[in-house]
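Below: one structure, written as structure tokens.
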Amino acid sequence: MNICVFASGGGSNFRAILESGRNGFLYSRIRLLITNNSECGAVEIAKEYGVDVFHISRKVYPGLNDAEYGRVFVDKLNEYKIDLIVLAGYMKKIEPAVIKSFTNRIINIHPALLPSFGGKGMYGINVHKAVIDARVRVSGLTIHMVNEEYDSGRILFQKSVEVNETDNEYTLQKKILALEHKYYSYVIKKIEEGEIGI
Ligand code: GRF
């Protein structure tokens, strides 16, 4: 498969996926990074690994209507013959045109056990803080399909972790992020092998 990763932040999941490609765990080629933030860590990582970067945001393409703006994404994805879109800390909503053209071919990772602790505003440290505040004893990660609504697509994989009395949002984030790095590539491999149907 040809993969395009969408990221806006530090890009540690992006790096983990690239490493899985480099060391032969994945058969797929990570061909493109799409980002709305040209100064994010993920862009630096793309340079380090020789992956092409496409920077796109409303600011970069002012004056386009929604359909035209969506078309820019779709054209770029088609140019790179992308089979699978992997969201890894992408902070913008996916354009409807992209969801339409890539139905069941977009996956996301969320740092909690959906359907709990998901939806609008539930990103980054907010998620872990909500988990700690709710005093639940279990959190984890969810890898799911992406549709028009935040965090509501079909769940493909989940992994739970215990929330200890001594955990705060930062220790929990660290624990879960380490698991994300391992299991995102694992799920992509299962998709490659047809064991997880998308
Ligand atoms: C991860 O926690 C992921 O679950 C969420 O965004 C974060 C991205 O982190 N969707 P990084 O940029 O991969 O380090």
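Atom set for the values below is all heavy atoms of this structure, side chains included, hydrogens, waters and symmetry mates excluded. Keep in mind that what you see is a predicted model, and the values were worked out from it rather than measured. We count ligands from 1, going down the list as the structure has it; atoms in each ligand are counted the same way. Along the sequence shown, the residues carry numbers beginning at 1.
The protein heavy atom nearest to atom 3 (C) of ligand 1 is Glu180 OE1, 3.1 Å. Protein heavy atom closest to atom 12 (O) of ligand 1, with residue, atom name and distance, is Gly11 N, 2.8 Å. Scanning the protein for heavy atoms near atom 8 (C) of ligand 1, the closest one is Gly89 CA, 3.7 Å. Closest to atom 13 (O) of ligand 1, if we only count protein heavy atoms, is Asn13 N, 2.8 Å.
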Using the side-chain contact (heavy atoms from CB on, under 4.5 Å) rule, take Leu18 and Val51 through it: C-alpha gap first, then chi angles, then the decisive distance, then the call. CA-CA 9 Å; Leu18 287 166; Val51 174; 3.6 Å; yes
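With sequence neighbours excluded, no residue satisfies salt bridge (charged side-chain N to carboxylate O under 4.0 Å, His left out) with Asp151. Partners of Asn78 by side-chain contact (heavy atoms from CB on, under 4.5 Å), not counting sequence neighbours, listed by chain and number: Arg71, Val74, Phe102.
Relative orientation of the Phe6 and Phe73 rings is parallel, given thresholds of 30° and 60° on the angle between their planes.
Those atoms of ligand 1 that come under 4.0 Å of a heavy atom in Ser12, given as number and element, are 11 (P), 12 (O), 13 (O), 14 (O).
Lys174 has no carboxylate O lying under 4.0 Å from a charged side-chain N of Glu169, or vice versa, which leaves the two without a salt bridge.
Residue Ile109 has at least one N or O atom closer than 3.5 Å to an N or O atom of ligand 1.
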